Structures are given as structure tokens and as C-alpha cells.
Amino acid sequence: MIRAAEPADLDAIAALHTRARATYYQGHIPEQAYAGDVELHRTREGWSRAVARDPAEGAVLCAEQDGRLTGVAAFRTEDGETTLTQLHVDPVHWRRGTGAALHAACLDVWRRAGVSRVRLEVYAHNLRAQAFYATHGWRPDPSTPHAGTHRTLWLQVGPPPAADPAGGPADPAGGPADAPGADTGLRGEA
């Protein structure tokens with residue numbers, strides 16, 4: 001189930017974010033930059049601001065299964081530009097469709113809001129996330145392919161996909177509905 005995040009979710013969101021980040025930052029940056037009490041507190045504060053954000057400025061969506069948080073996504077719109085700032089799936093839930101479901105929910109919100117283009121920055125060493133995004137239609141920005149340690153990607157948000165002849169919704173990216181994990185390593189405040 002995908003739903004809007006609530007303040008009561010903050011501890012679970014911050015813990016999930018920390019677990020997911022450890023999978024792609026480990027060995028690339030100092031551990032204190034992605035783990036430990038200080039970083040967990042900083043992460044929780046960032047998510048707190050995102051959850052409290054005015055809906056016109058963005059949203060935080062949670063994926064939940066059997067009452068447990070399995071993934072989280074956040075986006076914000078500022079100065080007319082929408083950015084997917086976070087998309088994380090708990091590593092124990094990778095390859096189960098959680099990332100694809102969160103991505104589809106974000107697309108639905110963006111389409112309803114009339115958003116036509118969305119950007120993100122993904123950690124350059126996070127190849128799993130880059131594969132996920134490529135499967136879902138995200139493309140590198142030819143004018144600014146890198147922003148420091150991150151790659152900049154863009155998604156053209158088109159109309160909703162037509163239903164397939166079998167009666168189910170078509171996959172908007174034309175790829176597998178459960179692409180490799182969505183532990184994205186996006187940069188920015190939630």
C-alpha cells in the first residue's frame with residue numbers, strides 16, 4: 001500500500017533511509033557521513049521538514065506492507081521545477097515491486113499536478129538505482145550529466161499509459177514492473 005507519510009512515521013523513515021544509504025555509500029564515503037546517531041538525527045530532521053511541507057510544494061509517500069514501512073519517496077517543487085529528492089526501499093524488500101509502486105505513485109501525483117518534467121540526482125556509485133531509473137524512463141542530462149558525486153537525470157512525464165489488451169495497466173516505462181531495487185541514493189533534503 002502506498003500512502004502519504006505522517007509525523008508518526010518519522011523514526012521508521014529515518015531508520016529505513018539509513019539502512020538503504022549504507023548499501024551504496026559503504027566503502028565510498030566515511031561511515032559517519034551516512035550512519036551513526038548524529039547522522040540519524042540529521043536525517044530525521046530533514047524528513048520532518050519534508051513531511052510538514054505544504055502539499056503544493058511536494059510530498060512524502062510511504063510504501064507499507066503488513067503495517068511495516070518498506071519504502072519511502074519524497075519530491076518537491078520549487079521555482080517551477082519538480083525534483084525527486086528521495087526514493088529508498090528497505091534492502092530486505094528489494095526486488096518485490098516496492099520501488100516501482102512508489103515511482104508509479106509519484107508519477108500519478110505529478111500527472112495530476114500537470115508536471116511535465118522531473119529531475120533527480122543519483123549517487124554515481126549507486127548502479128542499482130541508475131538501472132532502476134533507466135528502466136523507468138529517466139535519462140541523463142546532456143548539459144549537466146554530473147553534479148559532483150552525483151549524476152543528474154530527467155524524466156519527461158507524459159500522459160498516463162493506456163491499458164494493455166489483457167485489461168491491466170501498462171507499465172509506463174515498458175520494462176519489468178519490479179526492476180532492480182530502488183535504494184536510490186538521491187541527493188538533497190527529503
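All of these numbers come straight from a predicted model, not from anything done at the bench. Residue numbers count from 1 along this sequence.
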*Can Asp11 and Arg44 be counted as an ion pair, charged N to O under 4.0 angstrom?*
yes

[X]: partners by side-chain contact (heavy atoms from CB on, under 4.5 Å), with sequence neighbours left out:
X	value
Leu127	Gln130
Val109	Phe75, Arg112
Ala12	Leu69

Within this structure, what is the [atom1]-[atom2] distance for the pair [X] and [Y], rounded to the nearest 0.5 Å?
X	Y	atom1	atom2	result
Thr135	His103	OG1	NE2	10.0 Å
His125	His150	NE2	NE2	10.0 Å
Ile13	Thr18	CD1	OG1	11.5 Å

*So which pairs with a foot in residues 83-92 pass salt bridge (charged side-chain N to carboxylate O under 4.0 Å, His left out), sequence neighbours left out?*
Arg19-Asp90

*Going by the salt bridge (charged side-chain N to carboxylate O under 4.0 Å, His left out) test, which pairs reach into residues 55-66, not counting sequence neighbours?*
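Listed by first then second residue: Arg3-Glu64.
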
_Working note: Leu61 + Val72, criterion side chain to side chain contact (heavy atoms under 4.5 Å, CB included); need CA distance, chi angles, decisive distance, verdict._
CA-CA 6 Å; Leu61 303 176; Val72 63; over 6 Å; no

*For residues Leu120 and Val118, determine if any side-chain heavy atom of one lies less than 4.5 Å from a side-chain heavy atom of the other.*
no

*Student check: side-chain heavy atoms of Asp9 and Trp47 closer than 4.5 Å*: no

*Partner set under side chain to side chain donor-acceptor pair (under 3.5 Å) for Thr70, not counting sequence neighbours*: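 Once residues adjacent in sequence are excluded, Thr70 has no partner under the side chain to side chain donor-acceptor pair (under 3.5 Å) criterion.
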
*Please confirm whether Arg119 makes a cation-pi placement over Trp138, using NZ or CZ under 6.0 Å from the six-membered ring centre and within 45° of the ring normal.*
no

